[in-house]
Amino acid sequence: MVSTNPYNDFLKECQMALQNSIATLHLSIPAISFSLDAPPSPEFGELTSTISFEIGKKIKQQPRSLAKQIVSSIDVKDFPLMSAAKFAGTGYINFYANFAELSKITIDSTLALNDAYGHVQTEKPKNVIVEHTSANPISPINIGKARNPILGDALARILAARGHAVFRHFYIDDVGRQTAVVAYGYKKLGRPSLKEKPDHEIGLIYTLTSCIIEIIRLKLALEKQRNVSTEIKQKLQMQLEDWSSIAAELKGKHPRLFTELLEKISEDKDTENLINKLNQAYEAGEEEAKGLVREVCQLSLDGIKETLTNAEIFFDSWDWESEFTWNSDVTKTLKALKKTGYAFQEGPVLEFDADKVAEDYKLKHMLGIKDDHEIPSLTLTRADGTTLYTTRDIPYSLWKFRKADKVINVVGMEQKLPQQQLKLALWALGYANHAKNLTHFAHNLVTLPGYKMSSRRGRYITFDEVMKEAVKRAREEVEKRSPQLSKEEKERISRIVGIGALKYALIEVDPTKRVVFTWDRVINFERNSAPYIQYSYARSRSILRRVKETPKKFDYSLLTKPLEHDIIWELARYPEVFIISAENFKPNTIADHANLLADKFNSFYTAFPVIKAKPEALSEARLGLVKAVSIVLRNSLSLLGIIAPEKM
RNA sequence: GGGUCCGUAGCCUAGUCUGGAUAAGGCGCCGGCCUUCGGAGCCGGAGACCGGGGGUCCAAAUCCCCUCGGACCCGCCA
């Protein structure tokens with residue numbers, strides 16, 4: 001018999017036992033919960049119920065005596081996966097698994113389902129769009145932002161394994177001030193042909209241009225304030241000093257390019273105006289602007305794609321933001337928003353009254369916002385008529401919902417407010433359902449000790465750089481530990497291990513917590529890391545390679561050691577862990593479980609022989625166990641976008 | 001000023017949604033293991049009253065209130 005979820009089979013038996021028992025004893029109370037917990041220690045069995053506390057409270061009886069009654073009315077013979085039900089402590093009911101049976105069903109199912117084991121299919125498959133990365137096409141992906149593609153990709157893999165039709169979308173944010181800035185700088189340099197990785201070079205042009213025009217802007221602003229000695233003036237002065245020191249730093253690192261850009265930009269009278277004009281022209285879809293901005297973005301994007309490909313992260317769709325302004329979707333959205341009455345003119349700009357929508361439709365509670373908290377309004381258009389990011393995100397979201405039932409935006413948690421405003425805009429437009437099916441998967445960033453990375457300030461460590469270093473360090477290890485492997489094999493393994501370590505480090509921590517970057521933290525080859533799990537997998541495969549054929553039939557009752565039971569329990573639990581991870585969008589629980597399983601397996605590995613175990617039937621049973629472990633480790637890693645190597 | 005998130009051994013984290021029995025790992029530290037199949041490993045030890053204070057409950061790291069510390073947001077940036 002093959003089971004997709006052995007843990008759940010056992011759980012169901014325990015619940016059935018409780019239900020029957022409570023019915024027989026006439027202890028039924030309304031709204032009783034039959035949920036079961038993991039006991040704190042193996043001596044208390046595999047699952048535990050606190051139901052006697054609940055009932056005892058209602059009918060005023062001692063939980064312990066209730067537990068005793070319940071347990072004595074359970075006949076374990078009725079439940080094949082159960083070996084015992086005992087009462088303990090002040091009223092706990094503990095269930096013990098019948099490992100002869102549980103082992104059989106778990107290992108048989110794992111071997112039979114193989115790649116599919118654990119990945120329990122949802123009963124309600126949906127079309128799901130996971131939008132992630134969506135890095136601005138003006139600079140390379142830095143390590144601060146790299147958690148986004150890594151988490152987004154893992155989430156997409158998990159949802160696909162759950163049986164959803166998943167589409168991975170990259171939203172190319174090519175509209176807006178920053179692309180105008182970099183395009184302007186690029187044009188000033190005479191559209192140079194690039195020699196290095198394009199996103200790195202474009203990123204540098206962006207940083208330098210942005211810095212130079214910032215200083216020009218601040219100087220002009222200060223001149224205007226010349227006659228008044230105000231706080232504003234002081235603030236401007238401070239900002240100018242800040243940017244000047246950044247400029248000095250940049251000039252030191254890139255003297256030629258900096259000087260060239262400075263000279264060329266100084267030729268222009270009103271840079272600010274030129275950049276605004278370019279932004280307007282691009283958004284309006286004027287040919288010249290289109291040619292220029294698209295050229296820069298495409299170059300940058302080529303580099304970004306290369307980075308993502310190196311990380312084994314792929315997309316189904318690359319969505320240009322500009323398309324939505326050019327095809328009038330944005331215009332239509334603005335018109336529709338005005339019609340709702342929630343858009344209002346404030347001087348030259350158009351605002352969206354997000355708070356009023358929330359009040360009128362009573363959405364604050366649902367959005368987790370306090371009743372008396374006023375949601376700031378969202379600016380929809382600038383004074384010059386151009387639109388803003390969140391404004392354009394509204395038609396883009398509607399477009400996504402024409403293709404999918406569910407949309408997940410993997411976006412940093414600092415964008416919580418705009419994501420809420422977006423939802424409210426959908427609501428106002430009459431798309432309440434879409435708003436409900438829009439999820440902001442919020443995550444925290446990777447920060448450097450002491451400061452946040454910033455493309456504008458040119459302070460960042462690139463994802464490329466970190467991957468390169470990770471592979472380099474992995475290569476040193478492989479060289480040391482497996483000198484017999486071929487050069488090609490070593491290289492392939494170094495990539496798998498190095499990049500695996502990096503991905504794992506950014507996935508294993510709860511997404512809402514930030515990760516402070518240190519090289520040793522993100523490139524870790526010891527316990528509690530991808531390489532540790534990969535190593536465990538390689539060890540399991542190494543055993544399996546040594547035997548000609550794994551037998552089809554095992555005598556599972558021979559697997560009696562506590563460590564063996566621990567492993568089987570974790571194998572049985574894997575489908576449940578997977579479901580929880582998929583339903584709650586928690587990739588880190590997969591990482592956690594894989595590490596736990598690897599841990600148990602390594603202990604088992606040193607404690608007991610497999611191939612040379614006697615009698616032969618025991619050896620065969622252990623081989624089945626090892627094979628099952630290898631399958632679950634490989635399946636878990638694959639959900640995280642990490643490859644399980646045969647050797648390392 | 002208003003809001004969101006985070007605070008668990010020297011350090012990094014799990015557990016918090018859905019309250020249950022001695023708070024679980026890793027790094028570092030101390031002491032062991034070249035035990036047959038891979039030492040990126042294994043075994044043992046010391047180390048935390050879960051930021052602080054109240055409250056609810058038979059039971060609180062977990063729920064509620066207050067408070068302190070940190071990060072982020074409140075922009076005609078994204």
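Chain naming here is simple, since letters A, B, ... match the order of the sequence lines and numbering starts at 1 in each.
- For B:A21, the base has a donor-acceptor partner in the side chain of A:N94 [N/O atoms by modelled type, under 3.5 angstrom].
- Side-chain nitrogen and oxygen atoms of A:S542 include at least one within less than 4.0 Å of the OP1 or OP2 phosphate oxygen of B:G38.
- In this structure, CG of A:L448 is placed 15 Å from C1' of B:A71, rounded to the nearest angstrom.
- With contacts defined as side-chain heavy-atom distances shorter than 4.5 Å, the pair A:R521/A:V509 qualifies.
- Using C1' as the reference atom, B:U67 and B:G75 are 32 Å apart when rounded to the nearest Å.
- To the nearest whole angstrom, the two P atoms, one in B:A46 and one in B:G41, are 22 Å apart.
- Distances shorter than 4.0 Å separate some side-chain N or O of A:Y532 from OP1 or OP2 on B:C42.
- Of the charged side-chain nitrogens involved, none lies within less than 4.0 Å of a carboxylate oxygen, so that A:K480 and A:E476 do not count as a salt-bridged pair.
- A:Y206 has its OH atom 12 Å from the P atom of B:C77, to the nearest Å.
- If you check every strand for non-hydrogen atoms under 4.0 Å, A:R541 touches nothing.
- Checked for salt-bridge contact, A:K586 and A:D592 miss the test: no charged N lies under 4.0 Å from a carboxylate O.
- Distance from the side chain of A:H373 is smallest for B:G2 among the nucleotides B:U4, B:A21, B:G2.
- Every residue two or more places apart in sequence or in another chain that forms a side-chain hydrogen bond (donor to acceptor under 3.5 Å, both in side chains) with A:D355 is listed here: A:K364.
- Between the A:T209 side chain and the A:V182 main chain, no donor and acceptor come within less than 3.5 Å of each other.
- Between the A:R392 side chain and the A:V330 main chain, no donor and acceptor come within less than 3.5 Å of each other.
- When heavy atoms are screened at a 4.0 angstrom cut-off, A:A607 is found touching no nucleic acid atom at all.
- Spacing between B:G19 and B:C77 at atom C1', rounded to whole Å, works out to 44 Å.
- In terms of phosphate contacts, A:Y92 brings no side-chain nitrogen or oxygen within less than 4.0 Å of OP1 or OP2 of B:G20.
- Atoms CD (A:Q534) and P (B:G41) sit 13 Å apart, rounded to a whole Å.
- Taking only side-chain atoms of A:T512, from C-beta outward, the nucleotide of B:C6, B:G38, B:A21 with the closest atom is B:C6.
- Put simply, A:Y535 does not rest on the base of B:G41: the two rings are not both less than 5.5 Å apart at their centres and under 30° in tilt.
- Using a 4.0 Å cut-off on heavy atoms, the residues of residues 43-57 of chain A that approach RNA chain B are A:E43, A:F44, A:T48, A:T50, A:F53, A:K57, listed by number.
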Reading 5' to 3' through nucleotides 25-34 of chain B, protein heavy-atom contacts under 4.0 Å coded B for base, S for sugar-phosphate only, - for none: BSS-------
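- Ionic pairing of A:D384 and A:K277 is not present here: no N-O contact between side-chain nitrogen and carboxylate oxygen is shorter than 4.0 angstrom.
- Remark: B:C29 base-pairs with B:G45; criterion is Watson-Crick or G-U wobble with both hydrogen-bond distances under 3.5 Å.
- B:G1 is paired with B:C74 under the criterion used here, namely a Watson-Crick or G-U wobble arrangement in which both key atom distances are under 3.5 Å.
- The backbone N or O of A:V516 lies less than 3.5 Å from no partner atom in the side chain of A:T447, so there is not a single donor-acceptor pair.
- Residue A:S41 is in base contact, counting any heavy-atom pair closer than 4.0 Å across all strands shown.
- The separation of B:C17 from B:C5, taken at their P atoms, amounts to 14 Å, rounded to a whole angstrom.
- Note: A:F441 and A:H443 have tilted aromatic rings, judged against thresholds of 30 and 60 degrees for the angle between ring planes.
- Annotation: cation-pi pair A:K561/A:F604 absent, no NZ/CZ under 6.0 Å from the ring centroid and within 45° of its normal.
- If you check every strand for non-hydrogen atoms under 4.0 Å, A:P376 touches sugar and phosphate atoms only.
- Applying the Watson-Crick and G-U wobble criteria (two distances, each under 3.5 Å), B:C57 pairs with nothing in any strand.
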Side chains of residues 49-60 of chain A: which donor-acceptor pairs under 3.5 Å do they make with residues two or more places apart or in other chains?
from, atom 1, to, atom 2, distance (Å)
A:S49, OG, A:I51, N, 3.1
A:S52, OG, A:G91, O, 2.8
A:E54, OE2, A:S33, N, 3.4

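- Across all strands shown, A:E374 has no heavy atoms under 4.0 Å from either base or sugar-phosphate atoms.
- Neither OP1 nor OP2 of B:G75 sits under 4.0 Å from any side-chain N or O of A:R177.
- B:G47 and B:C30 have their C1' atoms separated by 11 Å, given to the nearest Å.
- Smallest separation of non-hydrogen atoms from A:N279 and A:R382: ND2-NH1, 3.4 Å.
- Atom-to-atom, CG of A:D372 to C1' of B:G3 comes out at 11 Å; the value is rounded to the nearest Å.
- Across the C1' atoms, B:C42 and B:U36 are found 15 Å apart, a figure rounded to whole Å.
- Counting non-hydrogen atoms under 4.0 angstrom, A:V181 reaches nothing in the nucleic acid.
- Using a 4.0 Å heavy-atom distance criterion, A:L388 is classed as a sugar-phosphate-only contact.
- Taking atom C1' on both nucleotides, B:C27 is separated from B:A59 by 34 Å, rounded to a whole Å.
- Position along RNA chain B of the nearest nucleotide to A:I93 versus A:A538 favours A:I93 as the more 5'-ward residue.
- Searching all strands for a Watson-Crick or G-U wobble partner of B:A21 with both distances below 3.5 Å returns nothing.
- Among the protein residues, A:K480 comes within range of no part of the nucleic acid, since none of its heavy atoms lies under 4.0 Å from any strand.
- Of the charged side-chain nitrogens involved, at least one lies within less than 4.0 Å of a carboxylate oxygen, so that A:R541 and A:E646 count as a salt-bridged pair.
- If you measure from atom CG of A:D355 to atom C1' of B:G2, you get 13 Å, rounded to the nearest angstrom.
- Applying the salt bridge (Lys or Arg N to Asp or Glu O under 4.0 Å) criterion to A:R64, with sequence neighbours excluded, gives no partner residue.
- When the nearest nucleotides of RNA chain B are assigned to A:T387 and A:P63 by heavy-atom distance, the more 5′-ward of the two goes with A:P63.
- For B:C64 and B:U18, the P atoms lie 10 Å apart once the distance is rounded to whole Å.
- As a whole-Å value, the separation of A:Q415 CD from B:A71 C1' is 16 Å.
- Of the candidates B:U4, B:C72, B:C42, B:C72 carries the atom nearest the A:E414 side chain, counting heavy atoms from C-beta on.
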Shorter than 3.5 Å, N or O on both sides, protein versus nucleotides 11-17 of chain B: list them out with atom names.
from, atom 1, to, atom 2, distance (Å)
B:C12, O3', A:R521, NH1, 3.2
B:C12, O3', A:R521, NH2, 3.3
B:C12, O2', A:R521, NH2, 3.3
B:U13, OP1, A:R521, NH2, 2.9
B:A14, OP1, A:D510, N, 2.8
B:A14, OP2, A:K513, NZ, 2.5
B:A14, O2', A:D592, OD2, 3.2

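- Between A:Y396 and A:Y171, the ring planes are parallel. Angles under 30° get that label, and only those over 60° would be called perpendicular.
- Taking the ring axis of A:F601 as reference, the NZ or CZ atom of A:R539 does not stay both within 45° of it and closer than 6.0 Å to the ring centre.
- Between B:C76, B:C43, B:G39, one nucleotide has an atom nearer to the side chain of A:S603 than all others, and that is B:C43.
- Residue A:P418 is classed as a base contact, given a heavy-atom separation below 4.0 Å to a base.
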